[in-house]
2 protein chains.
Amino acid sequence: MEISALLEQAKNVCQQRGVRFTPVREQVFLLLAKHSNAVGAYDLLSELQTIDPAAKPATIYRALDFLGQQGFVHKIESINAFVMCHHFSDCSHPVQLLICDQCGHVEEIQSQNLDLAIRSMADASGFNISHQIVEAHGKCQRCP
Amino acid sequence: MEISALLEQAKNVCQQRGVRFTPVREQVFLLLAKHSNAVGAYDLLSELQTIDPAAKPATIYRALDFLGQQGFVHKIESINAFVMCHHFSDCSHPVQLLICDQCGHVEEIQSQNLDLAIRSMADASGFNISHQIVEAHGKCQRCP
DNA sequence: GGCAAAAAAGTTTAATCAATGTCTTTTATG
DNA sequence: CATAAAAGACATTGATTAAACTTTTTTGCC
């Protein structure tokens with residue numbers, strides 16, 4: 001399965017970085033991996049509560065925080081939701097998302113050009129980018 | 001002053017479009033215009049309440065909704081805040097923002113290239129963009 | 001012009017969704 | 001075993017929307 005491969009990969013990355021992939025973090029990771037679409041923190045929370053009824057918002061947010069820092073998941077700012085990243089091996093890439101407003105599908109694209117275009121625009125204003133958010137909303141090819 | 005010019009312009013635009021620039025909307029517009037930085041809805045609310053103590057969250061959100069629809073203000077998704085747009089005469093341009101995390105200054109840039117780069121990336125995936133969000137965080141040229 | 005009907009805007013109250021703070025307890029690791 | 005990181009518990013703040021109702025504005029018609 002692809003999920004278990006992803007999980008292995010994540011575990012390896014954590015090992016290498018000397019950070020802890022704890023049970024809570026793993027559970028949240030798996031929950032996210034099961035969704036092909038983006039998921040809200042509170043949806044995730046209620047799913048987590050079926051496993052661990054004591055889970056609270058902070059539980060989820062802490063786990064998401066960690067997973068985000070490691071680059072395993074991305075937060076979608078425009079809809080307050082989270083998606084699994086499938087290319088976290090190549091570290092700290094710029095994140096560019098296509099979000100279908102009809103079916104909810106999220107596609108992550110990787111355009112060096114786009115990244116460069118943004119950086120050059122910023123340079124022109126003497127601005128130094130540390131983090132960028134690119135989210136396009138619309139209709140994916142599968143939706144009518 | 002620049003603010004009153006902006007106000008006039010907004011009034012004209014509304015007149016042309018046959019939509020109503022009511023007192024509440026004008027007040028919120030002016031509050032936003034006074035800020036050079038982005039402002040949160042609740043900050044705006046408490047400012048509005050000094051004029052109109054009866055104002056509630058819905059008051060602000062409805063006004064912001066309207067101002068957003070007309071293109072007078074932009075919402076910054078990554079920080080849940082709002083900024084005045086100074087080029088609302090040329091209608092419905094793509095919004096690209098540089099947000100300084102140190103001083104809070106927000107600069108709106110206008111790059112046709114960037115817009116095209118995003119669109120062509122989307123096209124490649126058969127994706128049809130209706131709305132795009134581009135927000136870069138970092139350090140502006142004035143900050144050390 | 002004056003007025004009824006319809007449309008738009010605003011008010012109120014409440015609920016929901018999203019995120020963080022603080023303090024205590026547990027757990028891993030040197 | 002000491003220490004630091006993580007998780008738990010509890011509470012609160014912040015952000016946004018919903019639903020029901022009232023007021024204001026517009027507009028066509030007498």
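Throughout, a chain's letter reflects where its sequence line sits, starting with A, and its residues are numbered from 1.
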Let me know the distance between CG of L45(A) and P of dA19(C), rounded to the nearest Å.
-> 12 Å
Taking every non-hydrogen atom, the tightest pair across I118(A) and I129(A) = CG2-CD1, 3.6 Å
For the pair made of CZ in R17(B) and C1' in dA8(C), what is the distance, rounded to whole Å?
-> 18 Å
Got a second to check how far K11(A)'s NZ is from E26(A)'s CD, nearest 0.5 Å?
-> 4.0 Å
Which atom pairs, donor and acceptor, lie under 3.5 Å between side-chain atoms of residues 102-109 of chain B and protein residues at least two apart or in another chain?
from, atom 1, to, atom 2, distance (Å)
E107(B), OE2, S125(A), OG, 3.3
E108(B), OE1, H74(B), NE2, 3.4
E108(B), OE2, H74(B), NE2, 3.2
E108(B), OE2, H93(B), NE2, 2.9

Would you please test K34(B) and E47(B) for side-chain contact (heavy atoms from CB on, under 4.5 Å) and show each step?
-> CA-CA 11 Å; K34(B) 278 186 198 137; E47(B) 290 178 22; over 6 Å; no
Which donor-acceptor pairs under 3.5 Å do side chains of residues 131-141 of chain A form with protein atoms, sequence neighbours excluded?
from, atom 1, to, atom 2, distance (Å)
Q132(A), NE2, D115(A), OD1, 3.2
E135(A), OE1, S78(A), N, 2.9
E135(A), OE1, S78(A), OG, 2.5
E135(A), OE2, E77(A), N, 2.8
H137(A), ND1, D101(A), OD1, 2.7
H137(A), NE2, S78(A), OG, 2.8
K139(A), NZ, C143(A), O, 3.4
K139(A), NZ, P144(A), O, 3.3

Counterpart residues, ring pair (Phe, Tyr, Trp, His ring centres under 6.0 Å), relative to F72(A) (two or more places apart) = F29(A), F88(A)
Work out which heavy atom in I51(B) is nearest to a heavy atom in P53(B); give both atom names and the distance.
-> O-CD, 3.6 Å
Under 4.0 Å: is that the gap between some side-chain N or O of N80(A) and OP1 or OP2 of dA19(C)?
-> yes
Where does the chain A footprint on DNA chain D start and end, counting 5' to 3' with a 4.0 Å heavy-atom cut-off?
-> dA6(D) to dA9(D)
Please indicate whether Q15(B) has more than 12 foreign heavy atoms, meaning atoms of other residues, nucleotides or ligands, lying under 6.0 Å from its CD.
-> no
CG of L31(B) to CD of Q27(B), rounded to nearest 0.5 Å, is 7.5 Å
Specify the residues of residues 18-38 of chain B, ordered by number, for which at least one heavy atom lies under 4.0 angstrom from an atom of DNA chain C.
-> R20(B), T22(B), V24(B), R25(B)
Numerically ordered, the residues 48-61 of chain A set in heavy-atom contact under 4.0 Å with DNA chain D is D52(A), A54(A), K56(A), T59(A)
Measure the CG-CG distance between L30(B) and L7(B) for me, rounded to the nearest 0.5 Å.
-> 5.0 Å
